[in-house]
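A short worksheet on the structure shown next.
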Amino acid sequence: MRSIYPSAAVLASKFTLVSSLRAQGFALANAGQKPGPHDVFLVMEGEVPPIAARTLVLADGPASATPFEGGRPARLSYSHADTELAHAFAAALLCGRHEAVAADPESLALQALARRVAGADITVLVNGPTGTGKEVLARTIHAESNRADGPFIAINCAALPETMLEAMLFGHVKGAFTGAGAAGEGFFRAAHGGTLLLDEIAEMPLPLQAKLLRVLQEREVVPIGATQAEAVDVRVVACANRDLQDEVAAGRFRADLYYRLSVFPLTTRALADRPGDVAALAAAMVVRHAGMRSVLPWISDEALAMLGRHDWPGNARELENVIQRALLLGMGDRIEAHDIVFDRASTSAAAAAPRAVEPVAATLTNIVQIHEFAAIRRTLEECGGNRIETARRLGISERTLRYRLAKAREAGELLAASATQSMAASA
């Protein structure tokens with residue numbers, strides 16, 4: 001477990017942030033404790049960063065977040081009104097771009113349980129809807145276990161051809177089947193000493209389930225075409241988006257394999273059932289997808305409210321799409337409400353909205369074009385109509401700018417009016 005080293009000034013004025021980070025899984029360093037290679041430091045502005053590349057500088061003032069870059073510390077400035085999002089940005093900056101973050105009490109409890117299970121080296125079954133972070137939870141279990149220095153290999157059982165799945169899992173010897181010109185290691189042997197994630201385990205064919213059961217029981221694999229078993233030291237984490245007990249009752253999943261996998265079951269919930277996580281996940285995705293920006297775009301209260309009202313049928317994966325879209329559409333250091341574009345309106349909002357006949361369908365593509373055109377017009381105005389400077393600021397070529405302007409003229413005002421009406425109805 002990583003530790004945080006807050007200065008005395010941070011403990012005096014930002015203790016709620018320290019508590020929030022502890023809930024994310026950081027330990028508060030003891031006096032005299034020697035910092036580890038992954039530990040981080042918290043200081044107030046004006047204090048000297050102990051190790052710049054691992055220090056978050058905190059300040060009171062207008063909301064602003066600066067990422068770690070080029071060995072320099074990250075910086076986070078905020079007022080009391082921005083506390084929720086500031087805590088989310090702090091966790092996202094310190095946890096890393098692909099680690100689990102949360103704010104909802106049940107989600108924090110699930111993460112704490114996953115970290116506790118990690119030390120037991122037992123098989124774990126993670127169940128939950130698609131896009132709710134099952135693989136992220138599996139990575140947390142691996143990172144917090146004594147196998148953290150070993151490989152983490154994820155395989156989607158639904159994405160591989162059934163005829164190849166056995167060879168991909170258990171390996172094969174040269175000449176074992178047509179086209180096997182060389183021996184194949186297989187995922188189990190490749191994950192030796194580490195963790196193997198079997199995602200979409202419910203999609204595994206029944207005959208292969210029996211062979212997987214034997215591997216889990218005997219801790220050894222027999223590659224296709226081989227006559228001798230090979231021992232493997234692998235921790236298995238299985239994920240499913242369907243209830244495996246229902247699959248067992250329907251005869252689509254072996255009961256003995258289910259009980260072998262479900263030594264310790266964990267369940268992720270739909271994002272709509274944990275609205276407290278929306279701000280935390282949104283901030284994490286801004287950090288992940290902001291690219292080379294020197295300042296991370298802050299999410300305005302209005303934009304955050306829009307995110308909070310949505311019902312998220314695609315869960316965290318849909319939220320990631322929305323944030324990536326907002327980063328593309330937003331032109332400044334803030335994500336505003338007009339930068340938030342959903343794939344479709346929330347079910348509740350759609351039910352409440354009056355029905356109307358729309359002359360032009362406001363598809364997602366059209367809405368993105370409208371925002372793009374608006375951004376170009378706004379930048380042109382700021383540059384006094386200078387197309388060379390406009391293209392430079394937008395990061396595109398002059399030729400591309402001319403093409404986009406011509407496309408905007410062709411689109412006309414009817415598309416803009418229709419898309420705007422649709423967005424207003426879904427907001």
Side-chain angles (χ1 to χ4, degrees), residues 1-30 33-45 47-60 63-78 82-104 107-108 110-112 114-115 118 133 136-137 139-144 148 276-291 293-299 316 320 323:
M1 180 180 290
R2 292 177 300 176
S3 296
I4 50 175
Y5 287 75
S7 69
V10 170
L11 287 173
S13 61
K14 303 290 185 183
F15 187 75
T16 56
L17 173 59
V18 174
S19 298
S20 174
L21 292 173
R22 292 183 68 186
Q24 295 287 346
F26 287 94
L28 184 61
N30 299 318
Q33 179 179 331
K34 185 178 179 180
H38 302 294
D39 293 342
V40 293
F41 303 87
L42 304 175
V43 300
M44 293 300 295
E45 192 166 44
E47 295 184 299
V48 178
I51 302 177
R54 289 194 273 137
T55 299
L56 176 59
V57 177
L58 304 171
D60 295 312
S64 175
T66 303
F68 292 101
E69 184 180 3
R72 294 189 295 272
R75 184 181 182 277
L76 183 63
S77 171
Y78 63 98
D82 304 307
T83 296
E84 178 187 15
L85 194 58
H87 287 187
F89 269 115
L93 287 165
L94 296 177
C95 285
R97 298 191 175 193
H98 300 284
E99 296 185 39
V101 295
D104 184 89
S107 297
L108 290 171
L110 178 64
Q111 288 186 11
R115 288 191 290 268
V136 174
L137 198 65
R139 289 182 180 276
T140 298
I141 292 171
H142 173 73
E144 297 288 339
D277 283 343
V278 171
L281 290 170
M285 290 161 186
V286 169
V287 173
R288 182 182 303 174
H289 297 293
R293 298 195 191 195
S294 58
V295 176
L296 297 173
W298 197 268
I299 306 174
E320 186 166 21
I323 293 300

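The first residue of the sequence shown is numbered 1, and numbering continues consecutively from there. Note that the structure is predicted; figures quoted are calculated from it, not measured.
P50 places none of its side-chain heavy atoms less than 4.5 Å from the side chain of Y5. In this structure, L21 and V40 have side chains that are not in contact, with every pair of non-hydrogen atoms separated by 4.5 Å or more. Looking at R54 and P37, their side chains never come closer than 4.5 Å, going by heavy atoms from C-beta outward.
Minimum interatomic distance between V295 and S64 (heavy atoms only, all atoms of both residues): CG1-OG, 4.2 Å. Closest non-hydrogen pair, A283 versus A88, comes out as CB-CB, 3.6 Å. Looking at every heavy atom in both residues, A280 comes nearest to V101 through O-CG2, 3.7 Å. Minimum interatomic distance between C95 and R2 (heavy atoms only, all atoms of both residues): CA-NH2, 3.5 Å. Nearest heavy-atom pair, I299 versus L85, reported as atom, atom and distance to 0.1 Å: O-CD2, 3.3 Å. The two residues S294 and E69 come nearest to each other via the heavy atoms CA-OE1, 4.2 Å.
In this structure, the side chain of S107 does not engage the main chain of A103 through any donor-acceptor pair within 3.5 Å. Listed for the Q24 side chain is a donor-acceptor partner under 3.5 Å among the backbone atoms of A102. Using a distance-only test at 3.5 Å, with no hydrogens or angles considered, no donor-acceptor pair links the side chain of R139 to the main chain of E99. Formation of a donor-acceptor pair under 3.5 Å by the D277 side chain with backbone atoms of D104 is found in this model.
Residue L108 holds its CG atom at 7.5 Å from OG of S20, rounded to the nearest 0.5 Å. Atom OG1 of T66 is separated from atom CZ of R293 by 13.0 Å, given to the nearest 0.5 angstrom. Taking CZ from F68 and CG from L94, the interatomic distance works out to 5.5 Å, rounded to the nearest 0.5 Å. The CZ atom of R22 sits 7.5 Å away from the CD1 atom of I4 when rounded to the nearest 0.5 Å. Atom CZ in F89 sits 12.5 Å away from atom OG in S77 (nearest 0.5 Å). Expressed to the nearest 0.5 Å, how far NZ of K34 lies from OG of S3 amounts to 14.0 Å.
Around atom CD of E84, no more than 12 heavy atoms belonging to other residues, nucleotides or ligands sit under 6.0 Å away.
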Stepwise, does the side-chain contact (heavy atoms from CB on, under 4.5 Å) test hold for F41 with S7? CA-CA 8 Å; F41 303 87; S7 69; over 6 Å; no
Ring pair (Phe, Tyr, Trp, His ring centres under 6.0 Å) between W298 and Y78: does it pass, once the steps are laid out? CA-CA 11 Å; W298 197 268; Y78 63 98; 7.6 Å; no
Kindly determine whether V43 and V48 satisfy side-chain contact (heavy atoms from CB on, under 4.5 Å), including the steps that lead there. CA-CA 8 Å; V43 300; V48 178; over 6 Å; no
Candidate pair K14 and D60, rule salt bridge (charged side-chain N to carboxylate O under 4.0 Å, His left out), full reasoning: CA-CA 10 Å; K14 303 290 185 183; D60 295 312; 2.6 Å; yes
